[in-house]
Amino acid sequence: MMRNCFRQNKILFFFSLGFLLFYACFVFFMHTPWYTAAQFKFAYHNHNTAILMRTIDLESVISNGYDDVTCDLFIYNSNIQPKTKQTFEQFYKLIKKDICDGTLVMIDKYLKDNVWHEPTGTSVLKGREMGIDYDELLERSMLRNTSIKGIGSLSKDDNGNYILPVTVADRYTDTDFVINLLLQKNTEGIWKITKIINYRNYLEHVRNLYNADITTYINDTKAQTAEYNRTFQGIQLKFQAMTKPIGANISNDQRAQIQKFILSEVIPAYTSHENYLQNVNVPPGASHLHMLRLQSNAKTIEAWKYFAEGIGKDSKDDLSKAECSHQEALVLEQKVSDIMNKMPALFVPEIP
């Protein structure tokens, strides 16, 4: 019996020792960059956002990425004077913390329900609270427009950095690009992804593709766009001539005349423009610009419809809606202008 007990104790001892050794090895492995890389791959393949977030120091990634994005804003516009550029760059440094904090909140919401929400409530990113077009800044960052296509193997570069290569593609051109994720150890001894080393190269690569397509798109639509602009200018002049002699008190006949003009000439002209845009051949990299044009035209139609209702019924509510839609259309037109002129959409445009 004693021999059996000794044998059982011996088995238990070696089993416990083996378990402790395995656990020690596992704990050691958890504090290596290979564990973080393995967790990152597992999280990606299994759509596990909780594990994914444990592998990434998101605050560091966003902070480093912000610097790359704001530098990239000026790369294609040589018309900005050095002094002006310096002012803009200083401005972006001043608002960096607020923008990064707000972006972290947006990403957290996206990870919870897989939808990019517009900033709402008290968010400093709502509208143009920070004096910038945050939505266009986000568009230029490619954050919403990049998908992962494959994850490579962790390696150590010549400088001793641990690098995880990830093949990604942008949403519009679907062109593959390999970004390199930097893994670093934090104060707790845990390895996390802290930076996209060649993020700026990725932005430049995509922007070059987009600029080529945008140039093609602008050239292909230039003649027809100029024709529509002449039509819109003519309509504007007729509308100004019609409304100029009208004072504060507008008669019912004058209201009816203005409403008829809007419904029979103004809205049909913009509807024709919408039909034209919907049938244009759009190169992939010009998709965002084309979408903004469609949105701007749709908002303009909406504004005129509200105005026609408001002027016809003498409705302050409809006239107020018309003004709101008109302002939104002007903001969209500013976005279109910024992209076409390769401007970084820095400050809120002055809209009369």
Side-chain angles (χ1 to χ4, degrees), residues 65 68-80 116 118 128 132-149 167-179 198-233 269-302 328-347 349 351:
D68 287 332
V69 171
T70 51
C71 281
D72 177 66
L73 289 174
F74 304 98
I75 197 168
Y76 295 102
N77 194 313
S78 58
N79 296 322
I80 299 178
W116 287 106
E118 294 289 330
R128 297 189 170 201
I132 64 167
D133 191 328
Y134 176 74
D135 189 64
E136 285 306 300
L137 184 68
L138 203 59
E139 188 70 23
R140 290 171 183 266
S141 75
M142 301 303 298
L143 182 61
R144 297 177 298 192
N145 300 328
T146 298
S147 59
I148 296 176
K149 300 188 75 173
T167 302
V168 299
D170 70 284
R171 168 187 175 186
Y172 297 119
T173 69
D174 196 33
T175 303
D176 288 359
F177 187 91
V178 178
I179 60 173
N198 58 338
Y199 182 40
R200 193 178 302 179
N201 297 120
Y202 173 57
L203 295 177
E204 292 178 7
H205 172 76
V206 173
R207 201 66 57 201
N208 284 333
L209 294 174
Y210 285 10
N211 282 344
D213 283 354
I214 287 171
T215 299
T216 299
Y217 172 76
I218 292 173
N219 290 336
D220 289 348
T221 59
K222 189 174 183 178
Q224 196 64 45
T225 297
E227 183 64 32
Y228 274 111
N229 283 337
R230 283 192 287 271
T231 299
F232 297 147
Q233 288 170 2
Y270 281 98
T271 301
S272 173
H273 185 230
E274 181 178 52
N275 293 334
Y276 163 69
L277 289 175
Q278 288 176 339
N279 290 284
V280 166
N281 181 33
V282 184
S287 297
H288 180 61
L289 171 60
H290 181 68
M291 178 190 67
L292 290 174
R293 273 183 163 176
L294 282 168
Q295 290 176 344
S296 173
N297 195 79
K299 275 295 174 184
T300 301
I301 293 174
E302 182 180 89
E328 290 175 16
L330 289 176
V331 170
L332 289 164
E333 288 174 17
Q334 182 66 46
K335 291 173 182 277
V336 170
S337 177
D338 288 338
I339 292 174
M340 293 179 66
N341 295 316
K342 300 179 181 178
M343 288 295 290
L346 288 165
F347 300 105
I351 301 175

Could you pull out every donor-acceptor pair under 3.5 Å between side chains of residues 283-294 and any protein atom, sequence neighbours left out?
unit_1: S287; atom_1: OG; unit_2: P284; atom_2: O; d: 2.7
unit_1: H288; atom_1: NE2; unit_2: E136; atom_2: OE1; d: 3.2
unit_1: H288; atom_1: NE2; unit_2: E136; atom_2: OE2; d: 3.0
unit_1: H290; atom_1: ND1; unit_2: Y217; atom_2: OH; d: 2.8
unit_1: H290; atom_1: NE2; unit_2: L277; atom_2: O; d: 3.1
unit_1: R293; atom_1: NH1; unit_2: Y217; atom_2: OH; d: 3.3
unit_1: R293; atom_1: NH1; unit_2: T221; atom_2: OG1; d: 3.2

Quiz item: Just by distance, do the side chain of S337 and the backbone of E333 share a donor-acceptor pair under 3.5 Å?
Solution: no
Practice problem: Tell me, please, which residues at least two apart from T271 pass side chain to side chain donor-acceptor pair (under 3.5 Å). | Solution: none
Self-check item: Pairing residues for N198 by the side chain to side chain donor-acceptor pair (under 3.5 Å) criterion, not counting sequence neighbours
Solution: none
Exercise. Nearest 0.5 Å please: distance from the CG atom of N229 over to the CD atom of E227.
Key: 9.5 Å
Quiz item: Considering residues, nucleotides and ligands other than N281, do more than 12 of their heavy atoms fall under 6.0 Å from its CG?
Solution: no
Exercise. Assess the pair Y228 and Y270: is the distance between their ring centroids shorter than 6.0 Å?
Key: no
Exercise. Might you point out which heavy atoms bring A329 and S296 nearest each other, and give the distance in Å?
Key: O-OG, 3.6 Å
Quiz prompt | Closest approach of L137 to V69 (non-hydrogen atoms, all atoms of both residues) | solution = CD1-CG1, 3.9 Å
Self-check item: Separation of D174 CG from L209 CG (nearest 0.5 Å)
Solution: 11.5 Å
Quiz item: Does a side-chain heavy-atom distance below 4.5 Å link D220 with V280?
Solution: no
Exercise. Hey, could you give me the NZ/CG distance between K149 and D176, rounded to the nearest 0.5 Å?
Key: 4.0 Å
Quiz item: At what distance, to the nearest 0.5 angstrom, does OG of S147 lie from CE of M142?
Solution: 9.5 Å
Practice problem: Would you please test E139 and N145 for side chain to side chain contact (heavy atoms under 4.5 Å, CB included) and show each step? | Solution: CA-CA 8 Å; E139 188 70 23; N145 300 328; 2.7 Å; yes
Practice problem: State plainly whether the residues R140 and D135 are in salt-bridge range, i.e. N to O under 4.0 Å. | Solution: no
Quiz item: So Y202 and F177, would you call those rings parallel, tilted or perpendicular, with 30° and 60° as cut-offs?
Solution: tilted
Self-check item: Atom pair CE (M340) and OG1 (T215), whose distance is rounded to the nearest 0.5 Å
Solution: 10.0 Å
Quiz prompt | Note: E204-R207 ion pair, threshold 4.0 Å (strictly below) | solution = no
Self-check item: Student check: side-chain heavy atoms of T175 and V206 closer than 4.5 Å
Solution: no
Quiz prompt | Donor-acceptor contact below 3.5 Å, side chain R200 vs main chain G65 | solution = no
Quiz item: Yes or no on side chain to side chain contact (heavy atoms under 4.5 Å, CB included) for D170 and H205, after CA distance, side-chain angles and deciding distance?
Solution: CA-CA 10 Å; D170 70 284; H205 172 76; over 6 Å; no
Quiz prompt | Nearest-0.5 Å distance, OG1 of residue T225 to CZ of residue R230 | solution = 10.5 Å
